[in-house]
Amino acid sequence: MIRLLHRAVDLGVTFFDTAGIYGPHANEELVGEALAPYADQVVIATKFAHIDPVQRKPRGRMLRPEDIAAAVDGFLQRLGLDVIHLYYQHRVNPDVPIEDIAGAVNDLITAGKVKHFGMSEAAEETAAAPTSYGR
């Protein structure tokens, strides 16, 4: 897989997407190792939704705003990066207002650990919700 990712970069691929749930965590470790020589040439995105830090299982409770900073630190370590280019919410937590999640990620953007925030599989109503963090 590392040779495959190297070949992808050689052919012009510059955007790579992973998630903590893939593996779990094994994919991030692989992507981080494979793309380390190309860190200044590629954009790496990762997603968050669930947490089970002890057993590293893809299922568990949904991340809450207070969990996101620790999750980012784990992602950065596994990817071998100083900053996540695109960090996005893989699944919307129906129990937490999106503004609270966006606020927690905005704190990480301010801290320089995340460049951009996005959402995956969000309903139109969620994505269009007005927030103080802009759209």
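A quick note: this is a predicted structure, and the numbers were derived from the prediction, not measured. Note that these values count all heavy atoms, side chains included, but never hydrogens, waters or copies made by symmetry.
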Rounded distance (nearest 0.5 Å) linking atom [atom1] of [X] with atom [atom2] of [Y]:
{"X": "Q89", "Y": "F48", "atom1": "CD", "atom2": "CZ", "result": "4.5 Å"}
{"X": "K115", "Y": "H85", "atom1": "NZ", "atom2": "NE2", "result": "4.5 Å"}
{"X": "Q41", "Y": "T14", "atom1": "CD", "atom2": "OG1", "result": "10.0 Å"}
{"X": "E66", "Y": "D100", "atom1": "CD", "atom2": "CG", "result": "9.5 Å"}
{"X": "L30", "Y": "T18", "atom1": "CG", "atom2": "OG1", "result": "8.5 Å"}
{"X": "M119", "Y": "I101", "atom1": "CE", "atom2": "CD1", "result": "9.0 Å"}

Would you say that K113 contacts D73 through its side chain, given a criterion of any heavy-atom pair below 4.5 Å between the two side chains? yes
With side chains defined as the heavy atoms from C-beta onward, is the minimum distance between L4 and M1 less than 4.5 Å? yes
Holding to salt bridge (charged side-chain N to carboxylate O under 4.0 Å, His left out), I want the full list of residues that pass it with D17, two or more places apart in sequence or in another chain. K47
Looking only at heavy atoms, what is the nearest atom pair of [X] and [Y], with distance?
{"X": "V114", "Y": "H116", "answer": "CG1-O, 3.4 Å"}
{"X": "L86", "Y": "G118", "answer": "CD1-N, 3.9 Å"}
{"X": "I2", "Y": "E33", "answer": "CD1-OE2, 3.3 Å"}
{"X": "I68", "Y": "A104", "answer": "CD1-CB, 4.0 Å"}

List the residues meeting side-chain contact (heavy atoms from CB on, under 4.5 Å) with V13, not counting sequence neighbours, and say none if there are none. A8, F16
Name all residues meeting the side-chain contact (heavy atoms from CB on, under 4.5 Å) criterion together with L81; count only those two or more places apart in sequence or in a different chain, and write none if there are none. I44, L76, L79
Applying the 4.5 Å side-chain criterion to the ILVMFWY set and letting contacts propagate, would I84 and V42 be lumped into a single cluster? yes
Quick check: is V105 connected to V96 through a chain of hydrophobic side chains (ILVMFWY, heavy atoms under 4.5 Å apart)? yes
Residues forming a ring pair (Phe, Tyr, Trp, His ring centres under 6.0 Å) with F75, sequence neighbours excluded: Y87
With Y38, which residues qualify under ring pair (Phe, Tyr, Trp, His ring centres under 6.0 Å), at least two apart? H6
With sequence neighbours excluded, give me every salt bridge (charged side-chain N to carboxylate O under 4.0 Å, His left out) pair touching residues 5-15. none
